[in-house]
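Each remark here refers to the structure printed beneath this line.
If you're wondering where the values come from, they're calculated on a predicted model, not measured in any experiment. Heavy atoms only: backbone and side chains are in, while hydrogens, waters and symmetry mates are out.
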Amino acid sequence: MPKKKTELPRKTGKSKEYSFFDDVYDVVRQIPKGRVTSYGAIASYLGTKLSARMVGWAMNGADKVSPKVPAQRVVNRNGMLSGKAHFGTPTRMEELLKKDGVAVKNDTVVDFEKKFWDPAIESV
DNA sequence: GCATTGACGAAGG
DNA sequence: CCCTTCGCCAATG
């Protein structure tokens, strides 16, 4: 678990690119295969629960960071594949989830509650 | 530099 | 119970 930084360093800055986003990436990478989580859960875990949007925004660069972040495992609180439109192809996210063993129906994760993974509880 | 938008979420009507 | 509004923070126009 990454230590929360009170400072929100803008990577647009000079040296350190370390930021809230990196924490998000780290958490997302810890999501076990076949499990999913929500933006809010991650945000809450990082202490920025009031800013779940930032998590989503962070995922915007998930495809650009070092090991790609399994952003497909992150959905909104409703279990909907809200970000599937950002995977290049409309079906990419579903495919990845299915490969993980997560059933997707109508752009929504089946048994979302069962597959839900809370970093604050099961992280370890 | 101000205004709008955004892969969300909770609360109010 | 469904729909609308507000809040949060950062990036982009």
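- At distances below 3.5 Å, at least one donor-acceptor pair connects side-chain atoms of T37(A) with backbone N or O atoms of W117(A).
- Atom P of nucleotide dA7(B) and atom CG of N78(A) are separated by 16 Å, given to the nearest angstrom.
- In the interface, the side chain of R53(A) is paired with the base of dG7(C) through a donor and an acceptor atom under 3.5 Å apart.
- Atom NZ of K49(A) is separated from atom C1' of dC6(C) by 17 Å (rounded to the nearest Å).
- Residues F116(A) and A41(A) come closest through the heavy atom pair CZ-CB, 3.6 Å.
- Side-chain atoms of A52(A) lie closest to dG9(B) of the nucleotides dA11(C), dC8(C), dG9(B).
- In this structure, of dA7(B), dC8(C), dC8(B), it is dC8(B) that holds the atom nearest to the side chain of N76(A).
- For the atom pair OH (Y39(A)) and OG (S82(A)), the distance works out to 4.0 Å, reported to the nearest 0.5 Å.
- Comparing dA7(B), dA10(C), dG9(B) by their nearest atom to the side chain of A71(A) picks out dA7(B).
- Listed by residue number, there are no residues of residues 89-115 of chain A with a heavy-atom contact under 4.0 Å to DNA chain B.
- Side-chain atoms of W57(A) lie closest to dA11(C) of the nucleotides dA7(B), dA10(B), dA11(C).
- Atom CZ in F21(A) sits roughly 6 Å away from atom C1' in dA10(C) (whole-Å rounding).
- Between S82(A) and the phosphate of dC8(B), there is a side-chain N or O to OP1/OP2 separation shorter than 4.0 Å.
- Summary of the strand contacts: V75(A) and M54(A) both lie near DNA chain B, and taking for each the nucleotide with the nearest heavy atom, the more 5' one is attributed to M54(A).
- Spacing between atom CG of L50(A) and atom C1' of dA11(B) amounts to 13 Å, rounded to whole angstrom units.
- When the P atom is used for both dT5(C) and dT4(B), the distance is 16 Å, rounded to whole Å.
- Whole-Å rounding puts the Y39(A) OH to dC8(B) P distance at 6 Å.
- The only member of D23(A), V24(A), T48(A), D118(A) that meets side-chain contact (heavy atoms from CB on, under 4.5 Å) when paired with I42(A) is V24(A).
- Per the geometry, CG belonging to D118(A) stands 13 Å off P belonging to dG9(B), to the nearest Å.
- The environment of R92(A) atom CZ is sparse: at most 12 non-hydrogen atoms of other residues, nucleotides or ligands sit within 6.0 angstrom.
- Straight-line distance from the CG atom of L46(A) to the P atom of dC8(C): 18 Å, rounded to whole Å.
- Side-chain contact check for R73(A) versus K33(A): some heavy-atom pair is nearer than 4.5 Å.
- Taking 4.5 Å as the limit, some side-chain heavy atom of V75(A) sits within range of a side-chain heavy atom of M93(A).
- Between M59(A) atom CE and dA11(C) atom C1' the separation is 17 Å, expressed in whole Å.
- Distance from the side chain of R77(A) is smallest to dA10(B) among dA10(B), dA10(C), dC9(C).
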